[in-house]
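Presented below is the structure to which this report refers.
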Amino acid sequence: MEKVQGEMEIERWERSEEISDAEKKVIQEIWSRVYANCEDVGVSILIRFFVNFPSAKQYFSQFKHMEDPLEMERSLQLRKHARRVMGAINTVVENLNDAEKVSSVLALVGKAHALKHKVEPIYFKKLTGVMLEVIAEEYPNDFTPEAHGAWTKMKTLICTHVTAAYKEAGWAQYPTATL
């Protein structure tokens, strides 16, 4: 069953908080373990995302009709997309000390999803939330309260930059989304 999110306009999304050097280190340490299993973790994130928010599958012609998580797991297209998502996040994590690089990478992601794929921006908030859930479950010993706080800032950083790219790409109005 699809989870329902109350109406939320992009303008009300939380503002990006500065990630401290200690938090960057925590994010990078956990990410090094996550990225060692890049494809498997990425597939787990996407499957949970599509199970929890099946309306997100509408943007993927190759697997939008798949209902069975096992079928999704075997999908080469889903695996390929998982690698791309994880690669983009890896670039952001590796460059947390280079704000211009982070902004540039996330602007490219946002603009592509806004202009080419026409994906509603609310899905980024949902996807990054699922990402945190999966990482916390897969790496429970590493995901301390401090790590959770750091990763929450990381999630906000991603969403803030991506939605700024949507605005720049001309998404004049962000529809209120009830997913």
**Message:** Please report the interatomic distance CD(Glu67) to CG(Leu70), rounded to the nearest 0.5 Å.
**Reply:** 13.5 Å
**Asked** Donor-acceptor pair, Lys153 side chain versus Glu18 backbone, under 3.5 Å?
**Response** yes
**Item:** Where Gln62 and Met66 come nearest, the two heavy atoms and their spacing
**Value:** O-CE, 3.9 Å
**Asked** Ignoring hydrogens and geometry, is there a side-chain-to-backbone donor-acceptor pair from Ser75 to Glu71 under 3.5 Å?
**Response** no
**Item:** Minimum side-chain heavy-atom gap Glu100-Asn95 below 4.5 Å
**Value:** no
**Message:** Is the ring pair Phe63/Phe60 parallel, tilted or perpendicular, if the boundaries are 30 and 60 degrees?
**Reply:** parallel
**Message:** Looking at Arg84, I'd like to know if its CZ atom is crowded, meaning that more than 12 non-hydrogen atoms belonging to other residues, nucleotides or ligands lie closer than 6.0 Å.
**Reply:** no
**Message:** Go through it in stages, so that I can follow the logic: the residues are Val105 and Lys101, the test is side chain to side chain contact (heavy atoms under 4.5 Å, CB included), and I'd like the CA-CA distance, side-chain angles, deciding distance and then a yes or no.
**Reply:** CA-CA 6 Å; Val105 168; Lys101 178 72 173 180; 4.1 Å; yes
**Message:** Between Leu127 and Phe53, does the side chain to side chain contact (heavy atoms under 4.5 Å, CB included) criterion hold? Intermediate values first, please.
**Reply:** CA-CA 9 Å; Leu127 178 63; Phe53 306 102; over 6 Å; no
**Message:** Could you check whether any side-chain heavy atom of Glu73 comes within less than 4.5 Å of a side-chain heavy atom of Ile47, counting everything from C-beta outward?
**Reply:** yes
**Item:** Expected output: side-chain Ser103 to main-chain Ala99 donor-acceptor under 3.5 Å
**Value:** no
**Prompt:** Are the side chain of Arg33 and the backbone N or O of Tyr139 linked by a donor-acceptor pair below 3.5 Å?
**Reply:** no
**Contact check, side chains of Tyr35 and Val41, non-hydrogen atoms, under 4.5 Å** = no
**Request:** Answer yes when Glu29 and Lys24 have at least one side-chain N-carboxylate O distance shorter than 4.0 Å, and no when they do not.
**Result:** no
Taking only distance into account, with no hydrogens and no angle test, what donor-acceptor pairs under 3.5 Å do side-chain atoms of residues 106-118 form with protein atoms, sequence neighbours excluded?
from: Lys111; atom 1: NZ; to: Glu168; atom 2: OE2; distance (Å): 2.6
from: His113; atom 1: ND1; to: Val109; atom 2: O; distance (Å): 2.8
from: Lys118; atom 1: NZ; to: Leu115; atom 2: O; distance (Å): 2.7

**Request:** Take Leu157 and Val92 through the side chain to side chain contact (heavy atoms under 4.5 Å, CB included) test and state the conclusion after the steps.
**Result:** CA-CA 10 Å; Leu157 173 87; Val92 170; 4.3 Å; yes
**Prompt:** To the nearest 0.5 Å, what is the distance between OG (Ser44) and CE (Met131)?
**Reply:** 13.5 Å
**Asked** Hey, what do you get for CG (Leu46) to NZ (Lys57), rounding to the nearest 0.5 Å?
**Response** 12.0 Å
**Asked** Just by distance, do the side chain of Gln28 and the backbone of Val93 share a donor-acceptor pair under 3.5 Å?
**Response** yes
**Request:** Please work out whether the ring planes of Tyr123 and Tyr59 are parallel, tilted or perpendicular, with thresholds of 30° and 60°.
**Result:** perpendicular
**Complete:** Value for CG (Asn90) from CH2 (Trp31), rounded to nearest 0.5 Å, stands at 6.5 Å
**Asked** Within a strict 4.5 Å, meaning less than it, do heavy atoms of the His148 and Thr152 side chains meet?
**Response** yes
**Prompt:** Looking at CZ of Arg83 and CG of Leu78, how far apart are the two atoms once the value is rounded to the nearest 0.5 Å?
**Reply:** 10.0 Å
**Side chain proximity check, Val43 to Met72, heavy atoms < 4.5 angstrom** = no
**Request:** Report yes if some heavy atom in the side chain of Leu96 is under 4.5 Å from a heavy atom in the side chain of Met154; otherwise report no.
**Result:** yes
**Criterion side chain to side chain contact (heavy atoms under 4.5 Å, CB included) on Asp21 and Asn97, from CA distance to verdict** = CA-CA 8 Å; Asp21 289 341; Asn97 291 316; 4.2 Å; yes
**Message:** Does any part of the side chain of Tyr166, heavy atoms only, come nearer than 4.5 Å to the side chain of Val119, both counted from C-beta?
**Reply:** yes
**Request:** Indicate the atoms forming the closest heavy-atom contact of Thr128 with Cys159, along with that distance.
**Result:** OG1-SG, 3.4 Å
**Message:** For Ser20, give me all partners under side chain to side chain donor-acceptor pair (under 3.5 Å), at least two apart in sequence or on another chain.
**Reply:** Glu23
**Asked** How many angstroms lie between atom CD1 of Ile158 and atom CD1 of Ile89, to the nearest 0.5 angstrom?
**Response** 5.5 Å
**Message:** Any heavy-atom pair between the side chains of Lys80 and Val85 that's under 4.5 Å?
**Reply:** no
**Prompt:** Would Lys125 and Glu120 satisfy salt bridge (Lys or Arg N to Asp or Glu O under 4.0 Å), going step by step from the backbone distance to the final call?
**Reply:** CA-CA 10 Å; Lys125 185 163 187 167; Glu120 294 290 334; over 6 Å; no
